[in-house]
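For reference, the structure discussed in these notes is given below.
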Amino acid sequence: MSIHRHKLLQAIVCLLATSLPLSMSHAQTSPSPVNRPLVEVADIPLPGPAVRFDYQNFDASSGRLYISHMDADHVVIFDVASRKVVANLGGFKRVHGVLAVPERHRLYVAVTGDHRIAVVDTQTLETIATPGPVTYPDGLAYAPQQNRVFVSDEHGGSADAVIDATTNRLITSIPLGGEAGNTVFDPVSGHILVSVHQINMLVTIDPATNRIIERCPLPGIRNPHGIALDTANHLAFVGGEDNHSLALVDLTSMKLLSTYEVGDEPDVLAFDPGLNRLYVASEAGTVSVFQSHDKKLTLLGSIQMPHAHSVAVDPRTHLVYFPLENIHGRPLLRIMLPN
C-alpha cells in the first residue's frame, strides 16, 4: 500500500470514528483509551500475599480506606491523602465485611472464619470485643439512632444478625426467607435494607423493632447481592449475582423502576453522589460505569481488570479504588479517576 493511500484511509477512519452516534459509543464493551470511563492515576503496592480481597469501607472523617484482605486474614488501612498503608491488622480469619463508625471510633469486621464480629478501636487499633456467633457474617450496616450493627448472615440460616453496639452482644437474628446478600443503612428512612437471595427481594427492616416492615420484589434479578444508595434521590442500586443484572429501585415507593446488564457476577457497588455516578464491580473483572439522572441510568462504558470485584469511591476527590489481588505476582491498590 502506498504512503498516500495509507494516509487517506487513516483520515477516513478518523472521520467515521468521530461521527459515530452516541448510542453506538454507549454499546461499546471495550472502549478505546480516549473513551474509557476511568483512567489510571496510581498503582500502590499492598502488603501480604497475592490472594483475594473483599469489601472496602471509606471513612471520610479520617481519610482512611479500610480494605478486607480476605484470604490473607488481614484488614489493610490505607490513608488516601498520603497514599500510604498505615496499618495491616492480622488475625481476622476469612475476613469479609468492614464498616467504620467514626462517631464511636469503632471498626466492625466480619470475621467469617471464626463466625464472629470483631470490634476494633480505631484509635488504638486493638480488638476490644468479638460478639457472635454468626454462622457466615458478610455485609455490615450501622443504625445510629438505635446504636445497632446489622450483619448479613449469608449462608447461616437466611437471616440478618443484630448486635448491640453498646454492650457488644448479639441480641437477635431476623429471618429473611432466603440467604442474606448485602446489608445497608438508609439514612433517609432510618431503616436497614437487605438484598435476599433465592426469593429475589429487597427487604426493609425497622431497626427499632428488628422486624421486616416491607418487601420489594425484584423481577428480572437473580440472587440480588451488592447494594449502593443514592440518598439525595432516594434510590437503591442492586446487583443480581446470577444473571449479570442491575436493579434500579425507588425507595420511596419501594418499586423496581428498571433493570440493566452488567458484568458476570456483580459483587460490590459504589455510588459517587457528587457526580451521580455508579460503579458496579463484578467477579468477571468487568467494571460497569453508569450516569444516574432523572431516575434512569446511562451506561458510560466499562473497563476490564483482573479480579476487580471490589470498588470504593471518595466522594470529595471522586477517586475510585480497586484492590487487585494479583498484578505481576503481587497485590496492589489501583486508584482511578473518572475520565
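None of the values given here were measured: they were computed from a predicted structure. Index from 1, following the sequence.
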TODO: Classify the ring geometry between H197 and H225 as parallel (under 30°), tilted (30 to 60°) or perpendicular (over 60°).
DONE: tilted
TODO: Quick one: pull up CD in E261 and CG in N243 and give me the separation to the nearest 0.5 Å.
DONE: 9.5 Å
Open item on the list: What I'd like to find out is whether the side chain of L140 reaches to under 4.5 Å of the side chain of V151, using heavy atoms alone.
Closed with: yes
TODO: Write down the atom of S195, the atom of V238, and the distance for their closest heavy-atom approach.
DONE: CB-CG1, 4.1 Å
- [ ] Could you tell me whether the side chain of H244 and the main chain of D264 form a donor-acceptor pair under 3.5 Å?
- [x] no
Open item on the list: Donor-acceptor pair, distance only, cut-off 3.5 Å: does the side chain of Y260 make one with the backbone of L297?
Closed with: yes
- [ ] Mark yes or no for whether D114, through its side chain, and R116, through its backbone, hold a donor-acceptor pair below 3.5 Å.
- [x] no
Task: More than 12 heavy atoms of other groups within 6.0 Å of Q145 CD - done: no
Open item on the list: Are the side chains of L229 and F271 in contact, using a 4.5 Å heavy-atom criterion?
Closed with: no
- [ ] Mind listing the closest non-hydrogen atom pair of S245 and I221 along with its distance?
- [x] OG-CD1, 3.3 Å
Task: Contact summary for T112 and P137, nearest pair of heavy atoms - done: OG1-O, 2.7 Å
Open item on the list: Applying the side-chain contact (heavy atoms from CB on, under 4.5 Å) criterion to V80, which one of L65, T317, L319 satisfies it?
Closed with: L65
- [ ] Any chance you could lay out the side-chain hydrogen bond (donor to acceptor under 3.5 Å, both in side chains) test for D138 and Y55, step after step, and finish with the verdict?
- [x] CA-CA 9 Å; D138 188 48; Y55 288 96; 2.8 Å; yes
Task: Short side-chain to backbone donor-acceptor contact, N339 and R36, under 3.5 Å - done: yes
Open item on the list: Would the distance check show the side chain of D206 and the main-chain N or O of A208 forming a donor-acceptor pair, the cut-off being under 3.5 Å?
Closed with: yes
Open item on the list: Contact between M201 and L176 at the side-chain level, heavy atoms closer than 4.5 Å - yes or no?
Closed with: no
- [ ] May I ask you to decide whether D73 forms a salt bridge with R94, counting only side-chain N to carboxylate O separations under 4.0 Å?
- [x] no
TODO: Could you check if a side-chain atom of R148 sits within less than 4.5 angstrom of a side-chain atom of I192, using non-hydrogen atoms only?
DONE: no
TODO: Assess the pair H96 and Y136: is the distance between their ring centroids shorter than 6.0 Å?
DONE: yes
Open item on the list: Between T172 and N210, is there a side-chain donor-acceptor contact under 3.5 Å, judged purely by atom types and distance?
Closed with: no
- [ ] Find the distance between CZ (R215) and CE (M254) and round it off to the nearest 0.5 Å.
- [x] 11.0 Å
TODO: Determine yes or no for a side-chain-to-main-chain donor-acceptor pair under 3.5 angstrom, with N223 supplying the side chain and Q198 the backbone.
DONE: yes
